[in-house]
Structures are given as C-alpha cells and as structure tokens.
Amino acid sequence: MSAPTSPADLYRHSLRLLLDKDIPAWVALWAEDGVAEFPFAPDGWPRRLEGKEAIAAYMRHYPDHIDLHDFPDLRIHQTTDPQTIVVEMRGVGRLVESDAPFDMTYIVVVTVRDGHITSYRDYWNPLAVQEPGADFAGSSR
C-alpha cells in the first residue's frame, strides 16, 4: 500500500498507527525536519520538538503509559492552504499504570508537505497529565 497523500488521509492513517501502537511507523510519517509544538504544555513538559529524532524520543514510551482505544468525534477541517488541516478529536483509552480512564480532547493543526508531516501544533489539555501514569514524556515536574 502506498502512503496516503492528502493531509486528511495521512492524518487518519497516523491515528490508526497510534491505535495499533506502531510508534516507529507513526514517526516514519514525519519529515526529517518536522516540528511538533504543544502551546499549552505545562511546566516541565516540552513545548517544541524539532526533527524526527526528537519526536521519536518523545513518543517512544507512549504506549507503555497510555493505551489508546479510539479517536471518537474526529472532525477534519480543510484550510485555505491545501496542505494544512485543523483536526478536532478525542482520544480515549486507559492509563496503563493506574488503569484509570483516559479521555483527552485535542485540536491539532497539521501541515503536510511531500507526503510527510512538517508541522504539528497540538492544543491538548494540560490538566490531563496530572493524573498518575500519564507522564509518558518523562517530564521534569
């Protein structure tokens, strides 16, 4: 199967990889110089990751801490830039350490160039990482 080419299809594919816990394949969707930004990240959490290696390091242990089950309420909006989408969604599952429910609302702005994610601005809820077992990024809190 060839890689999805439209930003919306690529993003849907990326969500399937997260549900499959295939982090290496998810990271492979990124451009080498891709940038991930988390404008609402709390103190001690990264606000900006530059490059595929930094993104891979950040996500490496994600499935060990958060077991995603679904992304309900997925809404993908086109923008005036055909390579940029705005995504509204929820991620639901459980926190592995405590078995507590995980339910996060996201708004993400994603730009894709040449079939790879180049920019990913993730406006997630920083209050959710206060739950025990949610700290997959090894923050310095």
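Keep in mind it's a predicted model, so treat the numbers as computed, not measured.
A distance-only check finds a donor-acceptor pair linking the side chain of H116 to the backbone of D114 [under 3.5 Å].
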Distance-only check: which donor-acceptor pairs under 3.5 Å involve side-chain atoms of residues 46-54, not counting sequence neighbours?
unit_1	atom_1	unit_2	atom_2	d
R47	NE	A41	O	3.0
R47	NH2	A41	O	2.6
R48	NE	E50	OE2	2.8
R48	NH1	E37	OE2	3.1
K52	NZ	W30	O	3.2
K52	NZ	E32	OE2	3.4

N/O donor-acceptor pairs under 3.5 Å from side chains in residues 68-75, not counting sequence neighbours:
unit_1	atom_1	unit_2	atom_2	d
H69	NE2	D67	OD2	3.2
D73	OD2	R90	NH1	2.8

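With sequence neighbours excluded, the residues satisfying salt bridge (Lys or Arg N to Asp or Glu O under 4.0 Å) with D99 are R94. In this structure T84 satisfies the side-chain contact (heavy atoms from CB on, under 4.5 Å) test together with T79, D81, V109, T111, sequence neighbours excluded. Under the side-chain contact (heavy atoms from CB on, under 4.5 Å) criterion, R16 pairs with L19, D20, not counting sequence neighbours. For Q83, there are no side chain to side chain donor-acceptor pair (under 3.5 Å) partners two or more places apart in sequence or in a different chain. Checked against side-chain contact (heavy atoms from CB on, under 4.5 Å), A28 has no partners two or more places apart in sequence or in another chain. Remark: D33 engages no residue in a salt bridge (Lys or Arg N to Asp or Glu O under 4.0 Å) (not counting sequence neighbours). For F40, the side-chain contact (heavy atoms from CB on, under 4.5 Å) partners are Y123, P126, not counting sequence neighbours.
The CG atom of N125 lies 11.0 Å from the CD1 atom of I107; values are rounded to the nearest 0.5 Å. H13 NE2 to L18 CG: the interatomic distance, rounded to the nearest 0.5 Å, is 10.5 Å. Here CG of L17 is found 5.5 Å from CG of D22. Values are rounded to the nearest 0.5 Å. Here the straight-line distance linking atom CD1 of I23 with atom CD1 of I55 works out to 12.5 Å at 0.5 Å rounding.
The closest side-chain donor-acceptor pair between E88 and H77 falls under 3.5 angstrom.
You'll find the side chain of L15 reaches within 4.5 Å of the side chain of M89, heavy atoms only. Taking 4.5 Å as the limit, some side-chain heavy atom of I76 sits within range of a side-chain heavy atom of R12. Two residues are said to be in side-chain contact when any heavy atoms from C-beta on lie closer than 4.5 Å; Y11 and I85 meet this criterion.
Side-chain rings of Y120 and F38 stay apart, their centers remaining 6.0 Å or farther from each other.
M59 and P63 get closest at one heavy-atom pair: O-CD, 4.0 Å. The nearest pair of heavy atoms linking W124 to P42 is CH2-CD, 3.6 Å.
Clustering ILVMFWY residues whenever any of their side-chain heavy atoms sit less than 4.5 angstrom apart, transitively, puts W26 in the very cluster that holds V108.
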Output, in order, the C-alpha distance, side-chain angles, deciding distance and verdict of side-chain contact (heavy atoms from CB on, under 4.5 Å) for V35 and T118. CA-CA 6 Å; V35 174; T118 59; over 6 Å; no

